[in-house]
Amino acid sequence: MKTKVPFFDLAVQFRSIENEIKSALDDVFQNQQFIMGPKVQALEEAIAHYCQTQYAIGVASGSDALLLSLMACGVGTGDEVLLPPFTFFATAGSVSRLGATPVFVDIDGETYNMDPSKIEEKITAKTKAILPVHLFGQCADMDPLLEIAKEKKLSVIEDAAQALGAEYKPNAGSEGRRAGQIGDLGCFSFYPTKNLGAFGDAGMVVTDHPLLTEKVRLLRVHGSQPKYFHKTIGINSRLDTIQAAILLVKLKYLEKWTAERQRKAERYQQQFENLLSSVKGFKLPTVQFQNRHIFHQYVIRVPERDRLRKFLAEEGIGTDIYYPVPLHLQECYSFLKYRRGDLPVSEKASEEVLALPIYPELTEDQQTVVVNRIKAFYSK
Ligand SMILES: Cc1ncc(COP(=O)(O)O)c(C=O)c1O
């Protein structure tokens, strides 16, 4: 019988911490405080500490973290926000929901993050912010981006949804370059399959700015302070106490889980070594500037991606495609009048990328099966 390897397997992780989770949940059930409260505050403090920021504000999802951060920076109708098209929809959707326009900047073909050399040409008098994404768990190249933002007086909001614990240029001697801490605000998602995943939706905004903190805190509760007195028009985006209780338990294991992911990435790297020279166009993830990559995803690149994916599915091996259609070519953005060929690096990547199983609980045997099946495909 063939060994099946699922793309991810949350149940194995749950079983390893089941008792702790149940006891944390029981606490919440006994207290009957389901919205905010001490557990949400404790999680905010723990995430701020982990991200090396002064403040963290719990919100209902990563998408809301982006929306609220943009609102706090005053982004609204008529403004433009620069962001990459090779990302999850929320990065652009949050901009559009505020009546602003996403302006897509092509990516670097090695890291899949926004190409800093292509930012300046997209800046207009309407540009209000830059929204880089730390895709797959590696920080975007932030130094040149920050320089441009400073010169043009633009806000920088990091979409760090996939990058909790990632570090930018950790060996450059500069302090505190954790994802989320580099720009004005950082946005995280605790969607269940993220490296730190809740049992539902949850998110967090981190920042070092007291004023922005105050704004996000206010905006997440319909702008009310005190209750029923509304200073501004916000939304309802609170982090559930149940999710906070679960995340507090899981956070204790995050470093260990990250190390496991990194070990698995290294193992893939070694085991695929010979395909790099023997298969034309076969590419493995590139780690830039010795960044601390947390491998939320392990994404390879192959020209015959769809055939390989089909073959692996038949062999019982789960894979996924992040992302099959770059955002500038999505139907909902046809009004922006982008054409195929406008952002060629993103378009090519969307045809060739393939995410392989990488989770802390993936066994060596399972990983070997994945590698061997891919090698079998190429030896056919
Ligand atoms: C890059 C990126 N941005 C934003 C989000 C939105 O987060 P959420 O699903 O928690 O709303 C996600 C995750 O789903 C993501 O991967």
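Bear in mind the structure is a predicted one, so any value in this text is a computation, not a measurement. Ligands are counted one by one from 1 in listed order, and the atoms in each one are counted from 1 as well.
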A.B. asks: Salt bridge or not between Arg220 and Asp64? Use side-chain N to carboxylate O under 4.0 Å.
C.D. replies: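 Judged by the 4.0 Å cut-off on N to carboxylate O distance, Arg220 and Asp64 do not form a salt bridge.
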A.B. asks: For Thr124, enumerate each residue passing the side chain to side chain donor-acceptor pair (under 3.5 Å) test, keeping only those at least two apart in sequence or located in another chain.
C.D. replies: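 If we apply the side chain to side chain donor-acceptor pair (under 3.5 Å) test to Thr124, skipping adjacent residues, the hits are Glu80.
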A.B. asks: Does Asp64 reach ligand 1 with a nitrogen or oxygen that is under 3.5 Å from one of the ligand's nitrogen or oxygen atoms?
C.D. replies: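 Not met; the criterion fails.
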A.B. asks: Nearest to atom 12 (C) of ligand 1, what protein heavy atom do you find, and at what distance?
C.D. replies: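 Looking at atom 12 (C) of ligand 1, the protein heavy atom closest to it is Phe88 CD2, 3.5 Å.
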A.B. asks: Could you work out, for atom 4 (C) of ligand 1, the closest of Thr193, Asp159, Val133 by heavy-atom distance?
C.D. replies: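 Minimum heavy-atom distance to atom 4 (C) of ligand 1 goes to Asp159.
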A.B. asks: I'd like to know if His134 contacts ligand 1, where contact means a heavy-atom distance under 4.0 Å to any ligand atom.
C.D. replies: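 Judged by the 4.0 Å heavy-atom criterion, His134 does not count as contacting ligand 1.
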A.B. asks: With a 3.5 Å cut-off and no angle check, do the side chains of Glu158 and His134 form a donor-acceptor pair?
C.D. replies: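 A pair is found: one side chain offers a donor N or O, the other an acceptor, under 3.5 Å apart.
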A.B. asks: Scan residues 272-297 for pairs that pass salt bridge (charged side-chain N to carboxylate O under 4.0 Å, His left out), counting only residues two or more places apart or in two chains.
C.D. replies: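 Qualifying pairs: Glu110-Lys283, Glu255-Arg292.
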A.B. asks: May I ask you to check whether Ser63 has an N/O atom sitting below 3.5 Å from an N/O atom of ligand 1?
C.D. replies: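 Right, the criterion is met.
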A.B. asks: Are the aromatic ring centres of Phe86 and Tyr322 under 6.0 angstrom apart?
C.D. replies: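 No.
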A.B. asks: Just checking Lys310: does its NZ atom have more than 12 heavy atoms from other residues, nucleotides or ligands closer to it than 6.0 angstrom?
C.D. replies: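 Atom NZ in Lys310 is not packed in, count stays at 12 or less.
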A.B. asks: Give me the nearest non-hydrogen protein atom to atom 13 (C) of ligand 1 as residue plus atom name, then the distance to 0.1 Å.
C.D. replies: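 Atom 13 (C) of ligand 1 sits closest to the protein heavy atom Lys194 NZ, 2.8 Å.
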A.B. asks: Do any N/O atoms on Ala90 end up under 3.5 angstrom from N/O atoms on ligand 1?
C.D. replies: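 Among all N and O atoms of Ala90, none is under 3.5 Å from an N or O of ligand 1.
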